[in-house]
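Data block below; observations after.
Note that the coordinates shown come from a computational prediction; the quantities given were computed from them, not determined experimentally. Heavy-atom basis, side chains included; hydrogens, waters and symmetry copies ignored. To find a chain, count down the sequence lines: A is the first, B the second, and so on, and within it residues start at 1.
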Number of protein chains: 2
Amino acid sequence: MALDQDRAAGSLYRKVAADLREAITSGSYGDAGRLPAEGALAEQYSVSRGTVRQALAVLRADGLVTSRRGTRRVVLGTARVQSFSELLSFTHWARSMGEEPGGRLESLVRRPADAAEREQLRLEPGSEVYVTLRLRTLSGTPVMVERTVYPPLVGELVAQLPPDVVSHTEPLREHGILFTDADHTIDVVAANADDARLLTCRRGSPLLREKRRTTDPTGTPVEWSQDRYLPGTVAFSIHNSLASSALSRHARESD
Amino acid sequence: MALDQDRAAGSLYRKVAADLREAITSGSYGDAGRLPAEGALAEQYSVSRGTVRQALAVLRADGLVTSRRGTRRVVLGTARVQSFSELLSFTHWARSMGEEPGGRLESLVRRPADAAEREQLRLEPGSEVYVTLRLRTLSGTPVMVERTVYPPLVGELVAQLPPDVVSHTEPLREHGILFTDADHTIDVVAANADDARLLTCRRGSPLLREKRRTTDPTGTPVEWSQDRYLPGTVAFSIHNSLASSALSRHARESD
DNA sequence: GCAGCCAAGTTGGCTGGCCAACTTGGCACA
DNA sequence: TGTGCCAAGTTGGCCAGCCAACTTGGCTGC
């Protein structure tokens, strides 16, 4: 919340977008209601029409409003849509739901990267990686097993963190490691022996898997992670539209 | 493909975006290479810098390039990202992979909408809905069970389609029913008796579930669907970034 | 009553310009 | 050699304006 305000404070169009989002989600325009015209909003906020359009593009991408030529924008839904940080960080996400996040570092090893890891993290042959295995809990109950591969520069920092630290993105951010872009792949996988032990489920029972590759602003990969959730604990939600889509459906590749 | 070209042909910035996408995916700028400056691209394409920025915003949303103040854009990856239509239509998706889509209508009933359906499709109390159950196949092998609820206006059209028709979005589009926005929720669910029979798997075995609510340009819901995939056949892939995110992680609600 | 036309309203798209914030590489200097 | 500063290059952001494409509601005429 504080983070949202900080980001909104940065630029004018973000402030307008934040204000409109607040108005929409609080129901000021009704559920299928129509927004004021761009020109009217421009006058209301004392900004140019271009700035209003920039703000509305954000809301359109979030699935809050439609937009087509000739008629006013229509409120699509009172949707929520968390911030990027709540998606990326288990800790942020849990706290935003009012749950208490927990975690335990099961293992941390440093070893040569295999071919797949070099490919994902864009590393030179012979590079080493840091691999962690963590159990994540919500209010004490295990919900997820997280296997993360870090490149050397990031891994060194992670290795120095105390094993019981809850959030990893926060301390990394303080060391100048930024997470800005991520690619996610979601599918189903069977629990292996480690999964079963940590999550207290049967071996072979289904888990919801999220593979995630995160990069910093320069495009350098900083993390390659594989999270396995107990079914019934989470669901992933996406909005897309003809105007802007970043979701796709794939034939499943090996592994 | 033809559809992409049609859309690209519409406006200038789409043409520029399509051209840049082609150049990037074909490797013209290298994998972690840097794009020309906005001004240079503007001159190259003989458009204003604003138009170039609009085109680059599309590529940024698709996860093809980064973008930060002070330095040139960097190529993030040679990613693919299907079009919206390939995501929304099983038929389009299958054909884009070179597979032959098939389908069989198992049942089609018309009945009063329950509370959840009225909520999702924004219908008046007492409204009726059309409910279909379809088995979807790829090159003959069953991969997915689709349960779709249509509002009356759309359902009447669907009911008139021959039961062995492969694509439903195409004939609907010809009748003026447009699909422009969709909300997706992805989780895991256990196969029930119908699922098991149609997909020839055991009852209770895990399926990847996608719930989807689609609306037309006016914001009117036109479809509420629940697709259940056999594990190992598909994976969902999403890109998001600080700049624009439409993906979120939810605590799982009932049903 | 009904169909079709028309004008007003609205968003999409594009231009040109301006300044601020930030990155980067080279240069000056210790 | 190494450190710090600085200027050029680049993207983010905002403005004002213009026209085209499209929707909608009302009016006209049959």
- request: Give the B/S/- string for nucleotides 11-21 of chain C, one per nucleotide from 5' to 3', where a protein heavy atom under 4.0 Å of the base yields B, of only the sugar-phosphate yields S, and otherwise -.
  value: BBBSB--B--B
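- Residue pairs meeting the side-chain hydrogen bond (donor to acceptor under 3.5 Å, both in side chains) criterion with at least one partner in residues 149-161 of chain B, sequence neighbours excluded, are B:Arg134-B:Tyr150.
- Every residue meeting the side-chain hydrogen bond (donor to acceptor under 3.5 Å, both in side chains) condition with A:Arg147, not counting sequence neighbours, appears here in chain and number order: A:Asp195.
- Residue pairs meeting the salt bridge (charged side-chain N to carboxylate O under 4.0 Å, His left out) criterion with at least one member in residues 32-49 of chain B, sequence neighbours excluded: B:Glu38-B:Arg49, B:Glu38-B:Arg53, B:Glu38-B:Arg73.
- As rounded to whole Å, 13 Å separates atom P of D:dT23 from atom CZ of A:Arg34.
- Judged as a salt bridge (Lys or Arg N to Asp or Glu O under 4.0 Å), and not counting sequence neighbours, the contacts of A:Glu128 are A:Arg110.
- Every residue was checked against the side-chain hydrogen bond (donor to acceptor under 3.5 Å, both in side chains) condition with B:Ser46, not counting sequence neighbours, and none meets it.
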